[in-house]
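Keep in mind that this is a model prediction, so the values were computed, not measured.
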Amino acid sequence: MASDPIERSVPVDLAAPADVLALAGDQVGDDRLWRIVADRDRRFADAFRLGVITTGIYCRPGCPARLPNRENVRFYPDAHAAEAAGFRACKRCAPQAQALGPEQKLVLSAMGVIDRREEVPGATELASLLGVETRRLARAFGRVLGVAPAEMLRGLKRRRFRAALKAGESVTEAVYTAGFGGPARVYDGGAAGLGMAPGRFAAGGAGEVVSWRIFDCPHGRLLIAATERGIAMIAIDPDDAALLRGLAVDFPAALRVEAAADHPLIGRAAEVVLDGLTRDAARLDDHGLPLDLRAGAFTLRVWEALRRLPAGTVTTYGALARALGNPGAARAVGRACATNKISLLVPCHRVLPEQGGFAGYRWGERVKRALLEAEHAEIHPDRAAADAAARAATEPREEVAEAPLRMRRRSS
C-alpha cells in the first residue's frame, strides 16, 4: 500500500514554526508568540517552545503551569533549540514530544514545497504538488493558520516583495524576486499590499500624504483622515491634540496636512458619520465610501465582517471567532477591533464581550454604550443571537455592492 503523500513530502528540516505563523499574513515576532502563550492557545502546542529564564524550564504553548512574566520568557523553534540554550523540559506539559497531526504536517509540507521553488505556486498547483485535493489543503490551512491557501500565498509574495525592496532591489527586480508575473500585477489593484506606491515604500513610506480635518460631534471631537486611496482614520476624543497625536502614531512617516473645508472625500465622510450620530443611527454605514484599510489577513477578515453588521445588530468576540472558523481566536478578534482605525464606518462598537459589559472600545465604554443605545441594539445578546449575527456577517456573498476597499496587508 502506497504511503500517504503527506508523509512523503514532509521536509526533513522543517521550517521554523515562527514561519508557519508568518504565513497567516500577520507580522510575526515575539509579541505574536507571547499572545499565543498568554491565550494558552493549544492549537500551537507543537509550533514552538518557550523558556523561562528564572526557572530554567522550557514549555510548550498551552502548558497548564502558572503563566510566567513576559520579560522572563525566551522563544525557540523547537525542543532541541531550547535544550541547547540550557533549559530543561517541563514535567507538566512534556515539551520534548512533538508529534504532529496530519493537518500540521500538510501545512509544513506546503511550506517545504514553497521554499524549494523560485516562484510561489497558486493554491491549485500547490495542492497538486502535495498530491492532495484542493479542498483538503484549504481545510488544513483554515484550521492550522486561520486563512485560506490563496491568502497565505498572496501574503508570502507580499513579504518577499517587501523584503526585496528593503534589501535595496529596484521595484522591477523585487517584482520578479517575489514571484509576481510582472510589474502590472503589483500596481493593478495594489497586489503588493504596501498601502502606498512601491517606490515610496522603499523610501520608508516618506512622502505619503494624509489629509485630516476635525469636527464637532455628540461624543466630543471627531477626526477624519484620508489618503489618496480612501478614508484611513476616524477617531473620537474630547481633545484635538490627542487626536493629532494618535494620527501621528498611526502614520509616523506620512506628511500630515489639514484638509481644506471643501475636501470632497473627507466632507462626504463627515456628512455620513455626523448624520448617523446626530439624526438617524440606523444610517451609520460606509455608504459606498472608499476605505484604506491596512492589516494582516485575519484582521482584514474581521474588519470585513464588521462592515456587514447592520446598525442595531450586535455579536460577540467569541461568536465572530467561531464564525470565522477559529473558535479559540476571540482575543485575536478583540485585538482586530481594538486596532481598527476607521471607527463607525467599520463598526467595531457592535462587538461585545461574551461575559457582558462594554470593554474593548478604543474610544471608551461611555461612547460605545451611547452608540449602541442610539441604534437600539440588544446589549446583552444570548449566544444563539450572537452566533446568528456573526454567521450572517461572515457568510460568502455572490453579489456584493459594498464600498470599494483599499485593503492592504501591513507594510512593515
Side-chain angles (χ1 to χ4, degrees), residues 215-224 231 233-239 242-243 246 269-289 291 293 295 299-324 329-395 402-403:
F215 306 85
D216 282 316
C217 80
H219 307 293
R221 299 283 277 168
L222 178 77
L223 179 142
I224 301 179
I231 298 299
M233 186 174 185
I234 295 181
I236 301 170
D237 196 280
D239 181 38
L243 289 171
E271 180 183 338
V272 165
V273 172
L274 293 174
D275 182 57
L277 292 178
T278 61
R279 296 176 58 192
D280 184 0
R283 289 179 51 78
L284 192 54
D285 200 320
D286 57 45
H287 292 271
L289 291 166
L291 307 181
L293 297 175
T299 298
L300 289 179
R301 291 175 65 203
V302 173
W303 290 348
E304 182 181 359
L306 295 179
R307 294 178 58 247
R308 295 179 176 181
L309 284 173
T313 300
V314 297
T315 187
T316 63
Y317 302 115
L320 201 48
R322 290 189 290 273
L324 290 169
R331 291 192 181 185
V333 171
R335 285 190 294 271
C337 292
T339 55
N340 168 32
K341 295 183 180 68
I342 310 179
S343 302
L344 307 176
L345 297 189
V346 179
C348 52
H349 64 275
R350 295 172 188 158
V351 188
L352 298 165
E354 287 198 314
Q355 66 272 25
F358 296 90
Y361 193 55
R362 188 173 183 177
W363 313 117
E365 295 184 24
R366 179 187 62 80
V367 174
K368 186 170 187 174
R369 176 190 286 272
L371 291 171
L372 293 176
E373 289 178 347
E375 295 178 4
H376 304 291
E378 171 54 64
I379 59 177
H380 300 292
D382 58 34
R383 177 165 176 148
D387 282 339
R391 285 194 301 269
T394 56
E395 64 185 6
E402 297 176 338

Salt bridge present between Asp237 and Arg221 (N-O < 4.0 angstrom): no
Electrostatic pair Glu395-Arg308, nearest N-O below 4.0 angstrom: no
Quick one: are [X] and [Y] in side-chain contact, heavy atoms under 4.5 Å?
X: Ile236; Y: Ser343; answer: no
X: Cys337; Y: Asn340; answer: no
X: Asp216; Y: Leu222; answer: no
X: Leu352; Y: Pro381; answer: yes
X: Leu284; Y: Arg350; answer: yes

Looking at every non-hydrogen atom in both residues, tell me the closest pair between [X] and [Y] and how far apart they are.
X: Ala319; Y: Ala390; value: O-CB, 3.5 Å
X: Arg307; Y: Leu345; value: CG-O, 4.2 Å
X: Ala270; Y: Phe215; value: CB-CZ, 3.6 Å
X: Thr339; Y: Thr299; value: OG1-CG2, 4.5 Å
X: Ala374; Y: Ala281; value: O-CB, 3.4 Å

Qualifying side-chain hydrogen bond (donor to acceptor under 3.5 Å, both in side chains) pairs with a residue from residues 378-388, counting only residues at least two apart or across chains: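 side-chain hydrogen bond (donor to acceptor under 3.5 Å, both in side chains) check on residues 378-388 returns Arg322-Asp387.
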Under a 3.5 Å distance rule, please check whether [X] uses its side chain to pair with a backbone N or O of [Y] as donor and acceptor.
X: Arg301; Y: Leu324; result: yes
X: Trp303; Y: Leu293; result: no
X: Thr315; Y: Ala386; result: yes
X: Lys368; Y: Val351; result: yes

Worked check of salt bridge (charged side-chain N to carboxylate O under 4.0 Å, His left out) between Glu373 and Arg369: CA-CA 6 Å; Glu373 289 178 347; Arg369 176 190 286 272; 3.6 Å; yes
Partner of Pro218 under side-chain contact (heavy atoms from CB on, under 4.5 Å), chosen from Leu371, Val367, Leu277: Leu277
Among Leu309, Leu306, Ile234, Ile231, side-chain contact (heavy atoms from CB on, under 4.5 Å) partner for Val346: Leu306
